[in-house]
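In what follows, every chain begins at residue 1, and chains take the letters A, B, ... in the order their sequences are listed. Values in this document were obtained by computation on a predicted structure and should not be read as measured data.
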Amino acid sequence: MMAEIVGAYFTSHVPAIGGAIARGDQHNEYWKPFFDGFPSVRRWLAEVKPDVAVVFSNDHGLNFFLDAMPTFAVGAAKSYANEDEGWGLPVYKSFEGHPALSWHVIEELVGSEFDITTCQKMLVDHAVSIPFELAWPDAAEWPVKIVPIAINTVQFPVPSPKRCLALGRAVGRALRSWQGNERIVVIGTGGLSHQLEGERAGFMNPDYDKFCLDHLAADPDALTQHSVEEVAQLAGTQGIEILNWIAARGALGDVPLAEVTRNYHIPISNTAACTLVLEPA
Amino acid sequence: MTSDRSLALRRSIPGTALFDGELAERGFQLNAMCFSFNEAANRKAFLADEDAYCAKFALTPEQRKAVADRDVPAMLRAGGNVYYLAKLAGIFGLNVQDLGALQTGRPLQEFKDYLVSQRAGIDPAIAGLHVSREIA
Ligand SMILES: [Fe+2]
């Protein structure tokens with residue numbers, strides 16, 4: 001009896017997506033090119049039937065503040081609630097946790113010398129909720145339990161792409177050694193290129209995004225040639241959320257991967273949006 | 001070690017200051033106030049008496065003026081972080097596109113047009129939807 005990693009689902013998590021869902025704007029001219037990426041994601045999830053999702057994302061000031069800002073935080077809670085983030089999004093459904101798997105991941109990470117923070121209480125924000133709303137729009141309750149892993153993208157020093165890939169690989173080792181029969185989907189959220197603040201607000205970089213998409217599956221180490229400051233220069237200050245994708249890619253392990261579906265569109269809100277599914281070839 | 005080149009980038013990307021220890025320390029009070037706006041009661045209290053609410057968080061004079069002036073670039077210079085400032089902006093009914101227009105000095109429609117115009121830079125090889133494995 002061994003757990004199986006069924007693949008990975010990656011998507012942008014822009015809060016405005018939640019607004020579009022709440023208004024029912026999925027089919028209008030502005031939003032359709034983005035939402036068109038999801039029927040194939042949903043069919044894939046229905047086929048691979050995951051029981052657990054290991055979710056790499058970044059908190060945007062719901063759970064963590066500058067008083068205590070963990071570089072890497074792993075949830076080990078029985079459940080995870082979403083709450084009011086202050087800008088008018090609906091409060092989304094809570095998530096069931098998988099504490100036993102969380103602690104197994106934590107043991108592997110600390111055993112591999114990652115000095116993480118563990119959280120028996122953790123709120124999850126739109127960076128977790130919106131990808132789930134997109135993937136399972138009609139679910140009365142989420143069909144998977146989660147193990148959330150938060151990467152600091154708020155305050156520099158931010159961990160490097162290299163470190164995030166290594167973190168993801170260590171998470172992948174933990175998942176493959178888990179003595180359960182769960183089917184595990186890895187989720188990476190955020191990005192792609194965008195910048196919200198300063199005179200460079202509105203910056204996007206489709207060339208860097210293409211570089212990431214061209215290498216993520218077959219050669220993720222290529223993405224570690226840049227420091228995180230260089231990623232901010234290339235992808236915009238919030239474009240560093242690609243770290244969540246890099247970590248999620250690492251968790252898939254160094255196996256040949258096949259792309260199931262991909263959708264890249266500019267813009268949604270201020271963001272170059274992308275949705276991607278990879279599975280073992 | 002973070003390389004000198006990367007450290008220099010924290011302050012040298014045009015129109016950008018990466019939010020590091022220096023800014024996090026400078027902006028702590030302002031960001032703490034913005035963080036409090038996760039709660040509806042606090043948003044209401046701010047709107048009811050802005051001066052009293054700002055005093056409770058001991059904003060610096062620079063921060064207080066930036067908030068009073070609704071001056072987003074000044075809030076950033078005073079150490080505000082956009083993830084937290086967005087919660088303050090939400091109180092005024094401003095979204096991140098409004099913020100983008102304010103920070104770049106463009107009218108809102110022009111800022112939105114600028115966002116859309118970047119679609120032209122997409123390599124056709126990655127544009128739009130690609131389904132590699134059809135699932136019935
Ligand atoms: Fe984000």
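- Annotation: the span from A:Glu83 atom CD to B:Asn38 atom CG amounts to 8.0 Å, rounded to 0.5 Å.
- Applying the 6.0 Å contact sphere to CD of B:Gln109 captures more than 12 heavy atoms from other residues, nucleotides or ligands.
- With a 4.5 Å cut-off on non-hydrogen atoms, B:Ala32 touches chain A through its backbone and its side chain both.
- Both the backbone and the side chain of B:Arg119 have a heavy atom closer than 4.5 Å to some heavy atom of chain A.
- Contact of the B:Thr2 side chain with the A:Glu229 side chain is registered, since non-hydrogen atoms from C-beta on lie closer than 4.5 Å.
- Atom OG1 of residue A:Thr261 and atom CZ of residue B:Arg133 lie 10.5 Å apart, to the nearest 0.5 angstrom.
- With a 4.5 Å cut-off on non-hydrogen atoms, A:Thr153 touches chain B through its backbone and its side chain both.
- Here the side chains of B:Arg43 and A:Asp84 are in contact, with some heavy-atom distance below 4.5 Å.
- With a 4.5 Å cut-off on side-chain heavy atoms, A:Pro267 and B:Gln118 do not count as touching.
- Residue B:Asp69 places its CG atom among more than 12 non-hydrogen atoms of other residues, nucleotides or ligands, all under 6.0 Å distant.
- Looking at B:Ala89, there are no atoms closer than 4.5 Å to chain A (heavy atoms on both sides), in backbone or side chain.
- Only the side chain of A:Glu47 comes within contact range of chain B, with at least one heavy atom under 4.5 Å from a heavy atom of that chain.
- Residue B:Leu129 touches chain A through both its backbone and its side chain, counting heavy-atom pairs closer than 4.5 Å.
- With a 4.5 Å cut-off on non-hydrogen atoms, B:Ser6 touches chain A through its backbone and its side chain both.
- Between B:Leu23 and A:Phe156 there is no side-chain heavy-atom pair separated by less than 4.5 Å.
- Rounding to the nearest 0.5 Å gives a distance of 4.0 Å between CD1 of B:Ile122 and CD1 of A:Ile266.
- Around CD of B:Glu39, the count of heavy atoms belonging to other residues, nucleotides or ligands within 6.0 Å does not exceed 12.
- Residues of residues 194-204 of chain A lying under 4.5 angstrom from chain B, judged on non-hydrogen atoms, are A:Gln195, A:Leu196, A:Glu197, A:Gly198, A:Glu199, A:Arg200, A:Ala201, A:Gly202, A:Phe203, A:Met204 by number.
- Inter-residue side-chain proximity for B:Asp20 and A:Gln155 is flagged as unmet; no heavy-atom pair is nearer than 4.5 Å.
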Exercise for the section: Check the pair A:Leu62 / B:Phe35 against side-chain contact (heavy atoms from CB on, under 4.5 Å), numbers first and verdict last. Expected result: CA-CA 8 Å; A:Leu62 178 65; B:Phe35 181 67; over 6 Å; no
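- A 4.5 Å side-chain heavy-atom check between A:Pro157 and B:Arg10 finds at least one atom pair inside the cut-off.
- A donor-acceptor pair under 3.5 Å is absent between the side-chain atoms of B:Lys87 and the main chain of A:Trp87, judged by distance alone.
- Identified by a heavy-atom distance below 4.5 Å to chain B, the contributing residues of residues 268-281 of chain A are A:Ser269, A:Asn270, A:Glu279, in residue-number order.
- For chain B, the option among A:Lys210, A:His226, A:Glu259 with the highest count of heavy-atom pairs below 4.5 Å is A:Lys210.
- For the atom pair CG of A:Asp214 and CD1 of B:Ile126, the computed distance is 7.5 Å after rounding to the nearest 0.5 Å.
- Between chain B and the options A:Thr237, A:Val154, A:Leu213, heavy-atom pairs under 4.5 Å are most frequent for A:Val154.
- Residues satisfying the ring pair (Phe, Tyr, Trp, His ring centres under 6.0 Å) test with A:Phe34, not counting sequence neighbours, are A:Phe38.
- Counting heavy-atom pairs under 4.5 Å between each of B:Leu76, B:Leu18, B:Thr104, B:Leu7 and chain A puts B:Leu18 at the top.
- Contacts of B:Ala40 with chain A are made by both backbone and side-chain atoms, with heavy-atom separations under 4.5 Å.
- A donor-acceptor pair is defined here as one N or O able to donate and one able to accept, closer than 3.5 Å; such a pair exists between the side chain of A:Arg43 and the backbone of B:Ile135.
- Side chains of A:Glu230 and B:Arg5 form a contact here, defined as non-hydrogen atoms less than 4.5 Å apart.
- When the candidates A:Ser40, A:Ala46, A:Gly86 are compared by the number of heavy-atom contacts under 4.5 Å with chain B, A:Gly86 comes out ahead.
- For the ring pair (Phe, Tyr, Trp, His ring centres under 6.0 Å) condition, the pairs that include at least one residue of residues 67-117 of chain B, sequence neighbours left out, are A:His60-B:Tyr83, A:Phe65-B:Tyr84.
- Proximity to chain B is limited to the side chain of A:Asn58, based on heavy atoms less than 4.5 angstrom apart.
- With a 4.5 Å cut-off on side-chain heavy atoms, B:Ser132 and A:Val260 do not count as touching.
- For chain A, the nearby part of B:Asp123 is the side chain; its heavy atoms alone come within less than 4.5 Å.
- Residue B:Pro73: no heavy atom, backbone or side chain, is found under 4.5 Å from chain A.
- Interface residue A:Asp67: backbone and side-chain heavy atoms are both found under 4.5 Å from chain B.
- The greatest number of non-hydrogen atom pairs below 4.5 Å with chain A, out of B:Ala120, B:Gly121, B:Ala127, is found for B:Gly121.
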